[in-house]
Amino acid sequence: MGMVCTDLRLVMKLFDIVIVGGGGAGLYAAMEAMKTNPGLNVAVISKVYPNRSHTSAAQGGANAALANTAKDDTVELHIFDTIKGSDYLADQDAVEVLCSEAPKIIRELENMGTPWSRLDDKTIAQRPFGGAGRPRCCYCADKTGHTILQTLYEQCLRKGVQFFNEYFALDLALDGSRSKGLIALNIKTGRIEPFHARTVIFATGGYAKMYWNRSSNAAGNTGDGQAIAYRAGIPLKDMEFVQFHPTGLRKSGLLVTEGARGEGGYLVNTLGERFMSRYAPSKMELGPRDLVSRSLETEILEGRGFDSPAGKYLHLDLRHLGADLIKSRLPQIREMCMYFEGVDPIDEPIPVRPTAHYSMGGIDTDNFGRTAMGGVYAAGECGCVSVHGANRLGGNSLLDILVFGRIAGRAAAEEARGFNPAPITESELAEKEQELRSFMKPSGHYERYGTLREELGQTLAQNVGIFREASKISKGIGDIVALKERFEHVRVFDTSDVYNTNLIQVLELRNMLELAETVAAGALVREESRGSHTRTDFPVRDDENWHRHTTFTQEGGHPKLGFKPVTMGRYELQERTY
């Protein structure tokens with residue numbers, strides 16, 4: 001480990017806003033903050049370069065009721081589809097903000113130069129997505145997140161946002177009950193460095209990578225922002241709701257966009273059946289993700305899946321779409337299939353199985369991104385404003401990071417000038433350095449990162465996956481608690497300063513272990529099936545007892561459970577069918 005930072009220019013610098021995370025939410029927040037007040041000092045710290053953030057993996061598109069493809073589409077229909085898709089657990093006032101802002105966001109991105117795919121009349125193209133009553137998903141072929149991320153990064157550079165790339169956020173620094181900034185590890189040098197800040201915005205993405213080899217997430221999606229907030233006493237919300245995407249590649253879990261089904265792809269079992277006719281006869285392959293994932297898993301469990309050394313799988317068949325459509329609208333999907341599966345979807349079906357994909361839960365926020373702690377905000381998949389409730393609709397994730405990234409950036413910019421924090425002290429930095437050094441001390445008994453990491457992924461997949469049951473969840477909780485105890489003996493074998501990836505992996509594992517316990521605890525207590533959370537021992541939705549949000553704060557190193565009411569609006573609870 002390097003020494004505590006002694007660069008007085010950095011130690012003394014006070015930022016108005018420090019944003020943790022360089023994906024879509026973080027960059028939109030930074031851009032909007034600078035637009036709100038060009039005189040602000042805004043910093044983005046990211047453990048990867050921003051144009052490598054996980055937003056770049058978002059393929060399908062962003063929903064907005066532009067009515068370009070379906071002339072009768074409206075914001076109101078988008079609101080209803082989102083609430084219904086959430087299995088009525090979304091907060092309806094937040095959903096109204098999301099869907100009302102969507103057309104403005106898409107057009108603002110268009111004005112910045114985002115290269116949206118076009119219809120023949122040159123308006124922005126829109127494709128159908130699961131759970132939507134109209135085709136409203138705006139897209140850039142199958143590289144939508146990548147193009148949006150590049151556009152936002154250019155705008156941030158142009159506006160003077162300061163970037164601190166390859167920094168790992170460790171913890172909030174507190175001034176009483178309020179944040180005074182962040183303490184971070186400079187990955188390049190191994191130094192512990194302070195980021196004094198009037199306000200902090202977490203935009204670190206989701207935590208579904210804890211599921212390991214059954215996950216579409218980037219390696220860095222380890223819930224860092226949520227874990228930092230949790231340790232600081234900020235409540236997390238709805239952590240048990242983890243979405244499995246129906247179509248991950250068989251071997252790697254990499255995502256095959258819902259746009260492949262939106263363009264007309266078929267899901268087929270070993271009998272040659274388009275089996276979705278059994279589960280969603282009106283929507284077929286374009287049912288909501290939770291329903292389609294359960295359907296694939298059921299087909300496999302009932303023996304109608306294909307066998308392979310990499311596990312059982314089903315077919316996503318695009319061959320009938322034709323080579324021209326696949327090459328023009330799904331070029332990245334074709335490339336991935338050829339590279340990772342040895343399959344060209346023009347000629348052969350794609351082998352797929354469900355993969356852990358998205359975190360509906362996160363840091364509890366209001367509609368402005370504010371958390372329970374003064375000066376701390378969260379946006380995007382890192383936060384839980386709750387627009388997705390128990391299940392997110394495809395095309396609403398990019399929209400979420402853009403809408404609420406912008407809102408959080410503006411709100412933080414307006415608050416930033418009203419607080420002068422106390423400095424982060426040398427003793428706080430030294431204490432954090434000592435904590436990191438402790439991982440490198442040899443002892444008689446030690447645990448290896450790789451062993452703990454693999455066991456965490458396995459127990460989550462087996463016990464807190466698509467189908468859940470009390471005895472399995474309890475076993476998962478026991479495994480996680482045991483892994484946390486073993487983690488106390490984990491050893492970092494690399495003692496160097498520069499790019500100590502072994503240390504970063506251990507720190508990420510600590511974050512995932514803390515969050516995994518909240519996921520499993522929420523799954524055990526929620527005795528119903530709703531959205532992505534399916535209890536085989538409680539197979540129906542229980543609105544009387546469980547139409548409410550779960551919250552989690554840390555007490556004695558373990559989750560303390562609480563509840564919050566769901567904000568209702570014009571839409572009453574209904575049975576959810578497709």
Side-chain angles (χ1 to χ4, degrees), residues 1-20 41 43-47 162 164 166-202 204 224-234 371-377 416 418-443 487-492 494-500 502-504 506-511 513-514 553-557:
M1 282 297 302
M3 296 300 293
V4 167
C5 176
T6 55
D7 185 341
L8 294 179
R9 290 171 298 174
L10 183 57
V11 170
M12 298 302 293
K13 188 173 182 64
L14 174 63
F15 293 101
D16 296 298
I17 305 173
V18 167
I19 298 165
V20 189
N41 291 319
V44 173
I45 73 173
S46 176
K47 64 182 180 183
Q162 299 175 66
F164 293 85
E166 298 182 321
Y167 277 75
F168 187 88
L170 296 170
D171 278 304
L172 284 167
L174 303 182
D175 184 358
S177 61
R178 185 185 172 96
S179 161
K180 61 180 180 180
L182 279 161
I183 298 173
L185 171 67
N186 184 332
I187 299 171
K188 296 185 287 286
T189 65
R191 295 197 308 182
I192 307 296
E193 299 184 6
F195 286 83
H196 304 276
R198 293 188 169 97
T199 55
V200 173
I201 302 175
F202 286 113
T204 56
D224 303 334
Q226 295 94 324
I228 291 170
Y230 183 54
R231 288 196 291 271
I234 299 171
T371 71
M373 180 174 285
V376 179
Y377 296 74
F419 174 63
N420 288 308
I424 299 172
T425 64
E426 289 289 334
S427 63
E428 288 175 277
L429 301 179
E431 181 182 342
K432 190 58 57 181
E433 181 176 13
Q434 185 58 37
E435 180 184 312
L436 300 196
R437 282 186 183 278
S438 69
F439 290 120
M440 301 174 184
K441 291 180 180 176
S443 63
F487 180 83
E488 297 299 317
H489 304 283
V490 75
R491 181 175 172 188
V492 174
D494 183 355
T495 58
S496 64
D497 295 339
V498 178
Y499 290 105
N500 190 332
N502 188 193
L503 175 62
I504 298 301
V506 165
L507 295 172
E508 290 174 333
L509 176 60
R510 176 175 66 176
N511 291 340
L513 285 168
E514 291 181 345
T553 50
Q554 195 173 57
E555 188 172 278

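Just so we're clear, the structure is a prediction, and the values are computed from it rather than from any experiment.
Contact between Ile228 and Ala169 at its shortest, heavy atoms only, is CD1-O, 3.5 Å. When all heavy atoms are compared, the tightest approach of Ala197 to Val18 is CB-CG2, 3.6 Å. Of all heavy-atom pairs spanning Val492 and Asn500, the tightest one is CG1-OD1, 4.1 Å. The two residues Ile234 and Ala372 have their closest heavy-atom pair at CG2-N, 4.4 Å. Smallest separation of non-hydrogen atoms from Asp175 and Ala422: OD2-N, 3.4 Å. The two residues Glu428 and Ala173 make their nearest non-hydrogen contact at OE2-CB, 4.2 Å.
Judged as a side-chain contact (heavy atoms from CB on, under 4.5 Å), and not counting sequence neighbours, the contacts of Gln162 are Lys13, Phe15, Asn41, Phe164. With sequence neighbours excluded, the residues that form a ring-ring contact (aromatic ring centres under 6.0 Å, His included) with Phe487 are Phe439. Residues meeting the side-chain contact (heavy atoms from CB on, under 4.5 Å) test with Gln554, sequence neighbours left out: Tyr230, Arg231, Glu514. Every residue was checked against the side chain to side chain donor-acceptor pair (under 3.5 Å) condition with Thr553, not counting sequence neighbours, and none meets it. The side-chain contact (heavy atoms from CB on, under 4.5 Å) check on Glu435 picks up Lys432, Arg510, with sequence neighbours excluded. Among residues two or more places apart in sequence or in another chain, the salt bridge (Lys or Arg N to Asp or Glu O under 4.0 Å) test is passed with Asp16 by Arg198, Arg417. In this structure Lys47 satisfies the side chain to side chain donor-acceptor pair (under 3.5 Å) test together with Thr222, Asp224, Glu508, sequence neighbours excluded. Not a single side chain to side chain donor-acceptor pair (under 3.5 Å) links Ser438 to another residue, sequence neighbours left out. Residues satisfying the salt bridge (Lys or Arg N to Asp or Glu O under 4.0 Å) criterion with Glu555, sequence neighbours excluded, are Lys560. Here Leu174 pairs with Leu172, Met373 under the side-chain contact (heavy atoms from CB on, under 4.5 Å) rule; sequence neighbours left out.
With rounding to the nearest 0.5 Å, the separation of CZ in Phe419 from OG1 in Thr199 is 10.0 Å. Expressed to the nearest 0.5 Å, how far CD of Glu166 lies from OG1 of Thr189 amounts to 10.5 Å. The CD1 atom of Ile201 sits 12.5 Å away from atom OG1 of Thr204, with the distance rounded to the nearest 0.5 Å. Here the CZ atom belonging to Phe195 is positioned 13.0 Å from the CG atom belonging to Leu14, to the nearest 0.5 angstrom. Remark: Leu182 CG to Ile45 CD1 distance equals 5.0 Å, nearest 0.5 Å. A distance of 7.0 Å separates CG in Asp494 from CE in Met440, rounded to the nearest 0.5 Å.
At a threshold of 4.5 Å between non-hydrogen side-chain atoms, the residues Leu503 and Phe168 do not count as touching.
Using a distance-only test at 3.5 Å, with no hydrogens or angles considered, no donor-acceptor pair links the side chain of Ser179 to the main chain of Gly375. Between the side chain of Lys180 and the main chain of Pro423, a donor-acceptor pair closer than 3.5 Å is present.
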